[in-house]
Amino acid sequence: MKVVRKGTRIVQEYNGANRKDIEKNFKEKKILMCGIGPDEYNRISVCESSKEIWEALQTAHEGTTQVKQSKIDMLTTEYEFFKMEEHESIQEMHTCFTSIINELHSLSEIILTKNLVWKILSVLPGS
């Protein structure tokens with residue numbers, strides 16, 4: 001980008017690379033802003049770049065790195081100590097288990113399918 005004086009006006013001139021970067025950022029911002037609700041929009045409306053928008057949304061939903069790690073630790077503990085309660089049906093137990101796994105997955109903490117199967121089998125009642 002180059003700033004040029006044309007008479008009494010100051011004009012910004014962009015080369016091809018600058019223009020493509022600006023267009024790409026505009027498209028990314030538009031996609032991010034179109035996919036959110038009014039509350040989220042108020043949170044990110046002052047962001048200048050798509051990167052700033054993404055980071056603001058990520059922090060709002062996942063929290064800081066410390067908060068994210070704390071959530072992972074808490075959910076991992078829930079997973080490790082998970083058991084089927086006496087009054088629960090298998091469907092209720094599975095729903096609760098799936099909820100824990102989905103939350104871990106949303107925080108990029110993946111548990112192997114074979115481990116999930118073994119966990120489910122180990123918490124089922126003998127009957």
Side-chain angles (χ1 to χ4, degrees):
M1 174 181 72
K2 170 170 85 166
V3 178
V4 181
R5 182 179 287 272
K6 290 191 177 183
T8 59
R9 292 182 2 190
I10 296 178
V11 179
Q12 295 177 346
E13 291 182 355
Y14 300 95
N15 64 25
N18 292 122
R19 184 173 302 280
K20 284 185 181 184
D21 286 344
I22 291 169
E23 287 173 0
K24 182 180 174 187
N25 186 58
F26 177 78
K27 286 178 186 177
E28 290 169 349
K29 281 177 61 176
K30 186 175 178 182
I31 288 168
L32 288 168
M33 288 188 170
C34 288
I36 59 171
D39 294 335
E40 296 294 329
Y41 180 81
N42 291 333
R43 181 177 287 135
I44 63 161
S45 61
V46 295
C47 296
E48 303 241 345
S49 69
S50 55
K51 184 177 188 298
E52 284 180 50
I53 292 171
W54 184 255
E55 288 172 351
L57 290 172
Q58 191 173 25
T59 300
H61 291 279
E62 291 183 0
T64 63
T65 305
Q66 286 179 317
V67 171
K68 182 178 176 182
Q69 190 56 52
S70 293
K71 287 179 183 177
I72 290 171
D73 292 344
M74 181 190 71
L75 289 164
T76 301
T77 301
E78 275 187 61
Y79 168 79
E80 289 170 355
F81 291 103
F82 183 81
K83 64 179 184 173
M84 183 173 174
E85 302 296 328
E86 285 184 33
H87 65 277
E88 277 184 315
S89 68
I90 290 178
Q91 182 62 42
E92 291 169 329
M93 178 271 302
H94 186 265
T95 300
C96 184
F97 185 75
T98 303
S99 176
I100 294 168
I101 299 310
N102 287 344
E103 285 187 61
L104 281 166
H105 188 79
S106 73
L107 295 168
S108 302
E109 195 70 18
I110 311 300
I111 300 174
L112 297 174
T113 304
K114 69 177 188 174
N115 294 344
L116 297 174
V117 171
W118 281 112
K119 184 65 174 179
I120 286 283
L121 291 174
S122 70
V123 301
L124 289 173
S127 60

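- Taking hydrophobic clusters as Ile, Leu, Val, Met, Phe, Trp and Tyr residues chained together by side-chain heavy-atom distances below 4.5 Å, Val67 does not share a cluster with Leu104.
- For Lys51, the side-chain hydrogen bond (donor to acceptor under 3.5 Å, both in side chains) criterion is met by Glu55, not counting sequence neighbours.
- Residues passing the side-chain hydrogen bond (donor to acceptor under 3.5 Å, both in side chains) test with Gln58: none are found, sequence neighbours excluded.
- The cluster map of Ile, Leu, Val, Met, Phe, Trp and Tyr, joined by side-chain heavy atoms under 4.5 Å apart, puts Val123 and Ile111 in the same cluster.
- A donor-acceptor pair under 3.5 Å is absent between the side-chain atoms of Ser99 and the main chain of Thr95, judged by distance alone.
- Evaluation of the salt bridge (charged side-chain N to carboxylate O under 4.0 Å, His left out) test over residues 79-96, restricted to residues two or more places apart or in two chains, returns none.
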Before you tell me yes or no, could you show the steps for Ile53 and Glu28 under side-chain contact (heavy atoms from CB on, under 4.5 Å), namely the whole-Å CA-CA distance, both residues' side-chain angles and the distance that decides it to 0.1 Å? CA-CA 10 Å; Ile53 292 171; Glu28 290 169 349; over 6 Å; no
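- By the rule that hydrophobic residues join a cluster once side-chain heavy atoms approach within less than 4.5 Å of another member, Ile110 and Val117 end up as members of separate clusters.
- With sequence neighbours left out, the side-chain hydrogen bond (donor to acceptor under 3.5 Å, both in side chains) criterion links Glu109 to no other residue.
- Using a cut-off of 4.0 Å between Lys/Arg side-chain N and Asp/Glu carboxylate O, Glu23 and Lys20 are scored as not salt-bridged.
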Go through it in stages, so that I can follow the logic: the residues are Met84 and Ile90, the test is side-chain contact (heavy atoms from CB on, under 4.5 Å), and I'd like the CA-CA distance, side-chain angles, deciding distance and then a yes or no. CA-CA 8 Å; Met84 183 173 174; Ile90 290 178; 3.9 Å; yes
As a quick check of understanding, evaluate side-chain contact (heavy atoms from CB on, under 4.5 Å) for Met93 and Ile120, giving each step before the final call. CA-CA 9 Å; Met93 178 271 302; Ile120 286 283; 4.0 Å; yes
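- Within the structure, side chain to side chain donor-acceptor pair (under 3.5 Å) pairs that include any residue of residues 67-78 comprise Gln69-Asp73 (at least two apart or interchain).
- Each of Tyr79 and Phe81 belongs to its own hydrophobic cluster when Ile, Leu, Val, Met, Phe, Trp and Tyr are linked at side-chain heavy-atom distances under 4.5 angstrom.
- The two atoms that bring Leu75 and Ile100 nearest to each other are O-CG2, 3.8 Å, heavy atoms only.
- For the residue pair Ala60 and Arg43, the shortest heavy atom distance occurs at CB-NH1, 3.5 Å.
- Under a 3.5 Å cut-off, the side chain of Thr59 and the backbone N or O of Ala56 do not form any donor-acceptor pair.
- Residues Ile72 and Leu116 fall within the same hydrophobic cluster, defined by Ile, Leu, Val, Met, Phe, Trp and Tyr side chains chained together at heavy-atom separations under 4.5 Å.
- Looking at residues two or more places apart in sequence or on another chain, you find a ring-ring contact (aromatic ring centres under 6.0 Å, His included) between Phe82 and Phe97.
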